[in-house]
J.: 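My questions will all concern the structure given below.
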Protein chains: 2
Amino acid sequence: MNEAPDQGAEIHVCAVEETIEIIGGKWKCQILHTLQDGTKRFGDLRREIPDVTQRILTRKLRELEDHGVVHRKVYAEVPPRTEYSLTPLGQSLGPVLDALENWAIKSRLSATKAQQ
Amino acid sequence: MNEAPDQGAEIHVCAVEETIEIIGGKWKCQILHTLQDGTKRFGDLRREIPDVTQRILTRKLRELEDHGVVHRKVYAEVPPRTEYSLTPLGQSLGPVLDALENWAIKSRLSATKAQQ
DNA sequence: CTGAATCCAATGCGATACTG
DNA sequence: CAGTATCGCATTGGATTCAG
């Protein structure tokens, strides 16, 4: 719809929402987790995250790239080759993702206790 | 539709997504932040988060309650009174939200530097 | 091999009006 | 005061097909 040219700057009431917009959405945290192992080609990611379609994987990678957490390097070759890796900013997400994961585990325990 | 009786347990590939499902979504982090001050009535929340409609605020509070991070206490009075507060689990979200917020701030700085 | 184009279904958010 | 009911729009995720 030819929206306004706000260079990726969405309106967020609190900073927390900005981070969630970047790492939220289906597949995003899986992609990030996979890339924490190191640089991967597009086909590698497809193999390691088998349930995502090409289209969606491409789109999610593009979103992560637009937000500066993933770097995309295209080699002008035939057949084409593209390598994805975390930027320094993307690597700095590690502790944040760990915090979210650890809280989820704690949350599960609380839910279990509540059912007893 | 009569889907399977999975008691609110969504299918998530990684734990991170579970946490994001709980605190993600519009207004959620604002509501949590407001409740960190202490117990609030429904009308208090409406006043402190003026841009959310009644309907949405009710729904978001219900979601937070269903996930065990917010407690809802209804007083059988006329006029009705309902008090919302954080559960212990909800209070334990504090550091997680802080991590998300701090990363957002760091992310902004990176973006600024990249434009220069 | 990587990725774009088209089309579609499900969900999320919200405006508005009504109720005990 | 604290909700619920109805309705509509926008966004998201996905299936499928085509292309360099």
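Letters A, B, ... are given to chains in the order of the sequence lines, protein chains preceding strands, and every chain is numbered from 1.
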J.: Whole angstroms only, please: what is the CG-P distance between Leu57(A) and dG13(D)?
T.: 13 Å
J.: For Pro80(B) and for Gln54(A), locate the closest nucleotide of DNA chain D by heavy-atom distance; then report the residue assigned to the nucleotide nearer the 5' terminus.
T.: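 Result of the comparison: Pro80(B).
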J.: Is it true that Glu18(B) and Arg108(A) have a side-chain N and a carboxylate O under 4.0 angstrom from each other?
T.: yes
J.: If you measure from NE2 on His67(B) to OG1 on Thr19(B), what distance do you get to the nearest 0.5 Å?
T.: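 Output value for this atom pair is 10.0 Å.
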J.: Report yes if at least one side-chain N or O of Arg41(B) is closer than 4.0 Å to OP1 or OP2 of dC1(D); otherwise report no.
T.: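 No, because none of the side-chain N or O atoms of Arg41(B) sits under 4.0 Å from OP1 or OP2 of dC1(D).
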J.: Tell me the interatomic distance from Leu61(B), atom CG, to dT4(D), atom C1', rounded to whole angstroms.
T.: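 Taking atom C1' of dT4(D) as the reference, CG of Leu61(B) is at 15 Å.
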J.: May I have the distance from Arg59(A) (atom CZ) to dT6(C) (atom C1'), rounded to whole angstrom?
T.: 13 Å
J.: Answer with yes or no whether the side chains of His12(A) and Glu21(A) bring together a donor and an acceptor at under 3.5 Å.
T.: yes
J.: When you check the phosphate oxygens OP1 and OP2 of dT4(D), does a side-chain N or O of Arg62(B) lie under 4.0 Å from one of them?
T.: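 For dT4(D), OP1/OP2 do have a side-chain N/O of Arg62(B) under 4.0 Å.
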J.: Just to confirm, is there a sub-4.0 Å distance from OP1 or OP2 of dG3(D) to any side-chain nitrogen or oxygen of Thr82(B)?
T.: yes
J.: Verify the contact: side-chain N or O of Tyr84(B) to OP1 or OP2 of dG3(D), cut-off strictly under 4.0 Å; return yes or no.
T.: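 Result: yes.
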J.: Could Arg41(B) and Glu83(B) be called an ion pair, given the rule that one side-chain N must be under 4.0 Å from one carboxylate O?
T.: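 Not counted as a salt bridge, because no side-chain N and carboxylate O are separated by less than 4.0 Å.
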J.: Remember a base hit wins even if backbone is also touched, and classify Arg46(A) as base, sugar-phosphate or nothing at under 4.0 Å, heavy atoms.
T.: nothing
J.: Asp44(A) CG to dG3(C) P: how many Å, rounded?
T.: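 In whole Å, dG3(C) P lies 12 Å from Asp44(A) CG.
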J.: Could you state the CD-C1' distance from Glu21(B) to dT12(D), rounded to the nearest angstrom?
T.: 14 Å
J.: Between Lys26(A) and dG14(D), is there a contact of a side-chain N or O with OP1 or OP2 at under 4.0 Å?
T.: yes
J.: Return the nearest nucleotide to the side chain of Phe42(B); candidates are dA15(C), dA2(D), dG13(D).
T.: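 Looking only at heavy atoms from C-beta outward on Phe42(B), the closest nucleotide is dA2(D).
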J.: State whether Trp27(A) places a side-chain N or O below 4.0 Å from either non-bridging phosphate oxygen (OP1 or OP2) of dG14(D).
T.: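 The answer is yes; a side-chain N or O of Trp27(A) sits under 4.0 Å from OP1 or OP2.
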J.: Go through the steps for Leu35(B) and Lys40(B) under the test side chain to side chain contact (heavy atoms under 4.5 Å, CB included), then give the verdict.
T.: CA-CA 7 Å; Leu35(B) 287 178; Lys40(B) 299 279 174 70; 3.9 Å; yes
J.: Could you tell me the separation between the CG atom of Leu45(A) and the C1' atom of dG3(C), rounded to a whole number of Å?
T.: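 Leu45(A) atom CG is separated from dG3(C) atom C1' by 14 Å.
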J.: Take the protein atom CD1 of Ile31(B) and the nucleotide atom C1' of dC13(C), then report the distance between them rounded to whole Å.
T.: 13 Å
J.: Which whole-number value in Å describes the distance from Ile56(A) CD1 to dC8(C) P?
T.: 16 Å
J.: Is there a donor N/O on one and an acceptor N/O on the other, under 3.5 Å, for the side chain of Arg55(A) and the base of dT2(C)?
T.: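 In this structure, the two groups form no donor-acceptor pair.
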